[in-house]
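Shown next, in structure tokens, is the structure this report addresses.
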Protein chains: 2
Amino acid sequence: MARAARTGYHHGALRQALLKHATKLLDKEGVEAVTIRAVARAAGVSHAAPINHFETRNALLTALATSFFDNLAADIDAHVQSADDKLARVRAFAVALVEYGLRYPQRYRLMWRRDLLLPDAALQLSMDGIYERLTAELSGVRRRHGKSTHTVATAMWSLAHGYISMRIDRMFEARTDEVTGQSRFEAMLDLLLGLAS
Amino acid sequence: MARAARTGYHHGALRQALLKHATKLLDKEGVEAVTIRAVARAAGVSHAAPINHFETRNALLTALATSFFDNLAADIDAHVQSADDKLARVRAFAVALVEYGLRYPQRYRLMWRRDLLLPDAALQLSMDGIYERLTAELSGVRRRHGKSTHTVATAMWSLAHGYISMRIDRMFEARTDEVTGQSRFEAMLDLLLGLAS
DNA sequence: CTTGCCATGTTGACATCGTCAATATCACGG
DNA sequence: CCGTGATATTGACGATGTCAACATGGCAAG
């Protein structure tokens with residue numbers, strides 16, 4: 001299985017092709033454009049062919065989201081590894097998350113569309129992996145306050161997720177004063193981590 | 001106009017009725033269930049009747065979201081007014097926001113579905129009103145750090161929005177240790193406001 | 001080498017949706 | 001008393017997800 005060329009009737013590697021075209025459609029036109037039929041058209045197969053590889057549209061979207069979580073995890077690892085200081089690793093985690101969200105807004109949105117994603121072991125695993133990376137990094141940092149690691153993790157996660165969501169939805173567009181973009185987020189992170197100057 | 005009883009053919013107060021049934025449908029089954037036809041059925045009119053009051057489905061959803069933002073603003077005002085201390089008012093703002101989001105998850109989700117909401121002056125006004133309340137409360141609070149009011153506002157907003165979103169999507173479900181719910185969020189807020197014990 | 005099985009594709013159908021156009025009803029102002 | 005404009009209805013169209021019936025052909029067992 002997983003052949004490369006199509007034999008005329010059978011495609012040969014439809015699953016991969018579907019995921020590729022679905023991602024392209026998602027990035028370009030948003031999740032609404034990722035219909036089974038549109039993806040099938042893009043791959044040059046009949047409208048019902050995808051059902052052999054993804055039982056429903058939501059199953060396709062779930063597979064997509066899983067792959068995005070894995071990509072994000074890789075990005076995070078790369079960022080974190082290139083930081084020396086323990087605190088810098090924590091910041092690198094958050095920065096990687098924000099960068100991914102702002103770079104691929106449609107993917108990021110899909111990743112949290114609980115109403116579209118099926119309960120799925122693989123997806124859950126990929127998601128949990130990210131959160132575990134965060135708690136792992138945080139547990140190594142000394143704290144002056146009495147909050148638990150989970151509290152700090154939840155706070156950082158919420159801050160980053162909220163910031164990304166609002167930026168994607170252009171909520172801050174009209175009221176950015178001097179500081180914007182990455183440095184804006186890092187200033188917020190300083191606040192949370194008690195590093196405010 | 002805005003009569004009460006239906007005359008047999010004409011409804012009399014369809015617009016109100018549509019919004020009421022749409023809200024009920026939304027709370028019960030999510031935004032996907034809020035179709036023009038379903039709302040029309042609930043109101044006991046034909047499938048195309050709503051078009052006289054809302055040009056498209058998204059226009060209906062936009063009107064819904066606007067009313068929710070107004071309700072939220074009222075909730076916030078009530079919470080904030082019952083606090084004496086300036087800092088307590090800021091905390092009351094955040095708590096009101098979180099309470100609303102967790103109380104009406106489907107409404108809260110819809111309020112941020114930029115892909116479903118039309119660019120609309122009334123909606124924008126209602127949204128902006130909320131953010132302005134936050135900056136107004138924040139500008140009265142003394143700060144030890146050098147961050148601007150906007151930075152703190154953005155941070156608080158992001159933290160609350162992220163927390164609500166993740167709670168709605170049950171992201172923290174599996175990993176809540178001792179502290180949960182409201183007190184969990186308040187602990188996070190302490191962190192951000194530099195009140196960590 | 002042959003044969004038959006079954007994963008993979010195709011075709012056609014159905015219900016549902018948003019939206020539009022044509023038509024019907026009726027409350028109210030002239 | 002009448003007709004006109006706002007409001008409802010009916011019917012249609014194309015798009016969608018999904019299912020069932022059928023076609024194709026790669027591959028493994030004989």
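Lettering follows sequence order; numbering is per chain, from 1.
Going from atom CG of L14(A) over to atom C1' of dT10(C) covers 12 Å, rounded to whole Å. One atom, CZ of R37(B), and another, P of dT10(D), lie 12 Å apart when rounded to the nearest Å. For L18(A) and dG17(D), the CG to P distance is 13 Å, given to the nearest whole Å. Here the P atom of nucleotide dT16(D) and the CD atom of E29(A) are 11 Å apart, to the nearest Å. In this structure, H11(A) places its NE2 atom 7 Å from P of dG9(C), rounding to the nearest Å.
At least one side-chain heavy atom of L60(A) sits under 4.5 Å from a side-chain heavy atom of L19(A). L118(B) has its side chain out of reach of L61(B): every pair of non-hydrogen atoms, C-beta onward, lies at least 4.5 Å apart.
Among Y131(B), Y100(B), W112(B), Y104(B), the single residue meeting the ring pair (Phe, Tyr, Trp, His ring centres under 6.0 Å) criterion with F69(B) is W112(B).
Residue L191(B) comes nearest to A155(A) through the heavy atom pair CD2-CB, 4.3 Å, listed as atom of the first residue, atom of the second, then distance.
Within the structure, side chain to side chain donor-acceptor pair (under 3.5 Å) pairs that include any residue of residues 18-33 of chain B comprise D27(B)-R107(B) (at least two apart or interchain). The list of side chain to side chain donor-acceptor pair (under 3.5 Å) pairs with a residue in residues 77-97 of chain A, not counting sequence neighbours, reads D77(A)-R133(A), H79(A)-E99(A), R89(A)-E137(A), R91(A)-E186(A), R91(A)-D190(A).
A close approach under 4.0 Å does occur between a side-chain nitrogen or oxygen of R41(A) and OP1 or OP2 of dT16(D).
Between the side chain of R15(A) and the base of dT8(C), no donor-acceptor pair of N or O atoms lies under 3.5 Å. Interface remark: the H47(B) side chain does form a donor-acceptor pair with the dG11(D) base, using a distance-only criterion of under 3.5 Å.
For residues 49-59 of chain A, proximity to DNA chain C is found at A49(A), N52(A), H53(A), defined as any non-hydrogen atom under 4.0 angstrom from a strand atom.
Checking dG9(C), dT10(C), dA8(D) against the side-chain heavy atoms of A48(A) singles out dT10(C) as nearest. Distance from the side chain of S46(B) is smallest to dT9(D) among dT9(D), dC20(C), dG17(D).
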